[in-house]
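Reading through the structure tokens given below for one structure.
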There are 2 protein chains.
Amino acid sequence: MTVQYARSANVYDLRQASPAAPPSMLHTDDGFDLFQGLGARMSFDRDEEIFGEGEPADFVYRVISGAVRTYRVLSDGRRQIGDFHLAGDLFGLEAGREHMFSAEAIGHCEILVCRRSALFGIAARSAELGQALWAQTALELERAQAHLMLLGRKSACERVATFLAALADRCPGDREIVLHMSRQDIADYLGLTIETVSRTFTQLQSDGVIALNGCRHVQILSRGALARLTQ
Amino acid sequence: MTVQYARSANVYDLRQASPAAPPSMLHTDDGFDLFQGLGARMSFDRDEEIFGEGEPADFVYRVISGAVRTYRVLSDGRRQIGDFHLAGDLFGLEAGREHMFSAEAIGHCEILVCRRSALFGIAARSAELGQALWAQTALELERAQAHLMLLGRKSACERVATFLAALADRCPGDREIVLHMSRQDIADYLGLTIETVSRTFTQLQSDGVIALNGCRHVQILSRGALARLTQ
DNA sequence: CGTATCGTTGAAATATATCAATCGCAGTGG
DNA sequence: CCACTGCGATTGATATATTTCAACGATACG
């Protein structure tokens, strides 16, 4: 059997429950089922820590409902959020022994938790699952690289636009984006201050690019304009 | 055989030629030899493209001598350098079909080039090598995450200090750091302008933290002071 | 030795941060 | 039901770090 290296064609798509995934010898359906078979459900309250930077990475997590932030802090408290994880997303998978960042529930969350050793036990015998673990890490790297471009070279407006466009891409059908996270979370993700994020939202609103229904509900009025601002 | 998930204990350490690595059934010695057995030597001139973003990722590369930058550009030319790769470093390994960024030689370079399919052929049968490929991607992710913190939350001075400290860590014995890259490269890596980088170097010099012997040779006078600036 | 390129320095402009006040909403208790 | 409270978001005024624009200096190269 050959190694499948196209992420999209992977037997174990660890990221999303894709009904179209081919059946596997190890499990009934796709990655999601595999994971579910192995994992246990847990729930976390708002701002509750799921794991901390430096802790042993003995578990792998998937968001069932709610949202999670992964982040690192400098000694003086400056925080950089590495990523937001929404329903269906996997997080906390490490190749090394320890977590490289901390994870917290943004609001109340249902999380599927799976022993890493269980996955690893299978991966030792199955090149396919090993491949899927790799693809998951590669996906995170890809997101980190896009984030690098954003933080290093984009203006505040471009950052916010990129952020909103990425969220909109996750739920292409929906008329409205629901922001699970606070302005502070967004600011710490985009490398800005809360005030700049707020000002940029109102700017985009007065330019007719978005509409805000309360600060957590964003409607994208012009997809084209938003894409142009994205750079 | 179990999967070894501690990066340091990996049989195939793809990143460095470590003579201490245990022998493998697939090859004589360690990751470096394995790669060398499979690869072909090539050389690239200054600013020559090694591969471009979006091109098929059919090869994996290792720096023999010289230095390489990997980067992405926005449509208007703004560039973000993702990483610098020095002697011994692996780069261009992708889980997906295409390269996620471009790579160029910073100066004249000797590069070891290996067909990805060769590695993948082995990885399909060996959980160990699969593991090593994963560890390599995880290492890149780890570096990207540190870079994220730098770009999102550190001041210009902290960025430069972090950059120099990281370089110094790579060659702990040497009294002097050799900068293979231009100020523009450093600026595009740190998310700053060339002028700010230059000013920060002179600032660090007048603070007695570093000494410059020509703009490409940096001596670290106070490791402690530099570490403190790193945050 | 001239020329091109890269790096440094200075002065001015600007995007974003900081500081501070107000607003608005959700939850709470009288 | 309505005022009270608290927290997050918005807005304004000001400060500042970094960028931009421009000139000059240094270094490498033919």
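Values in this document were obtained by computation on a predicted structure and should not be read as measured data.
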>> Can you measure D185(B) atom CG to dT5(C) atom P for me and round it to whole angstrom units?
In response: 16 Å
>> Enumerate the salt bridge (charged side-chain N to carboxylate O under 4.0 Å, His left out) contacts for residues 189-213 of chain A, please, sequence neighbours excluded, ordered by first and then second residue.
In response: none
>> Over the length of the helix from dC1(C)-dG30(D) to dG30(C)-dC1(D), how much do the five-pair end axes diverge, rounded to 10 degrees?
In response: 30°
> With the threshold set at 4.0 Å, does a side-chain nitrogen-carboxylate oxygen contact exist between D58(B) and R116(B)?
Replying inline: no
> What is the nucleic acid contact for S182(B), judged by heavy atoms within less than 4.0 Å: base, sugar-phosphate only, or nothing?
Replying inline: sugar-phosphate
>> Which residue in the set Y61(B), F59(B), F101(B) passes ring-ring contact (aromatic ring centres under 6.0 Å, His included) when paired with F91(B)?
In response: Y61(B)
> Which residues, if any, of residues 146-155 of chain A bring a heavy atom under 4.0 Å of DNA chain C?
Replying inline: S155(A)
> Under a 4.0 Å N-O cut-off, is there an ion pair linking D89(A) with R170(A)?
Replying inline: yes
> Rounded to whole angstrom units, what separation is found between the CD atom of E158(A) and the C1' atom of dA15(C)?
Replying inline: 12 Å
> For R223(A), which residues count as a salt bridge (charged side-chain N to carboxylate O under 4.0 Å, His left out) partner, sequence neighbours excluded?
Replying inline: D169(A)
>> From CZ of R183(A) over to C1' of dT11(D), roughly how many Å is that when rounded to an integer?
In response: 14 Å
Identify the pairs formed between an N or O of the protein and an N or O of nucleotides 19-21 of chain C at a distance under 3.5 Å, and give each distance.
residue, atom, partner, partner atom, Å
dC19(C), N4, E195(A), OE2, 2.9

> Taking only residues two or more places apart in sequence or in another chain, which ones pass ring-ring contact (aromatic ring centres under 6.0 Å, His included) with Y189(B)?
Replying inline: F84(B), H147(B), F163(B)
>> Test of understanding: with side-chain contact (heavy atoms from CB on, under 4.5 Å), list the residues that count as partners of T202(A), not counting sequence neighbours.
In response: none
> Just how far, in rounded Å, is C1' of dA26(D) from CD1 of I194(B)?
Replying inline: 14 Å
>> In this structure, how many angstroms lie between the P atom of dA9(D) and the CD atom of Q184(A), rounded?
In response: 8 Å
Please tabulate, for the side chains in residues 44-53 of chain B, all donor-acceptor contacts under 3.5 angstrom to protein atoms that are two or more places apart in sequence or on a different chain.
residue, atom, partner, partner atom, Å
D45(B), OD1, H108(B), ND1, 3.1
D47(B), OD1, R69(B), NH2, 2.7
E48(B), OE1, D45(B), N, 2.7

> If you measure from CZ on R78(A) to OG on S155(B), what distance do you get to the nearest 0.5 Å?
Replying inline: 6.5 Å
>> My understanding is that only residues two or more places apart in sequence, or in another chain, count here; which of them pass side-chain contact (heavy atoms from CB on, under 4.5 Å) with R183(A)?
In response: L179(A), I186(A), I194(A), V197(A), F201(A), L212(A), C215(A)
> To the nearest Å, how far apart are D76(A) CG and dA17(C) P?
Replying inline: 15 Å
>> Side chains of Q80(A) and D188(A) only: does a donor on one sit below 3.5 Å from an acceptor on the other?
In response: no
> Whole-Å distance between dA17(C) P and R78(A) CZ?
Replying inline: 13 Å
>> Applying side-chain hydrogen bond (donor to acceptor under 3.5 Å, both in side chains) to S75(B) and Q231(A), what does each step give before you reach the verdict?
In response: CA-CA 7 Å; S75(B) 53; Q231(A) 249 297 342; 2.7 Å; yes
>> I need the full list of ring-ring contact (aromatic ring centres under 6.0 Å, His included) pairs touching residues 210-231 of chain A, with sequence neighbours left out, sorted by first then second residue.
In response: none
>> For a quick test of reading the model: is some side-chain N or O of T196(A) closer than 4.0 Å to OP1 or OP2 of dA17(C)?
In response: yes
>> Expected output is a numbered-order residue list: members of residues 201-217 of chain A with a heavy atom under 4.0 Å from any atom of DNA chain D. What is it?
In response: T202(A), C215(A), R216(A)
> Rounded to whole angstrom units, what separation is found between the CE atom of M181(A) and the P atom of dG8(D)?
Replying inline: 16 Å
>> Enumerate the ring-ring contact (aromatic ring centres under 6.0 Å, His included) contacts for residues 64-83 of chain B, please, sequence neighbours excluded, ordered by first and then second residue.
In response: none
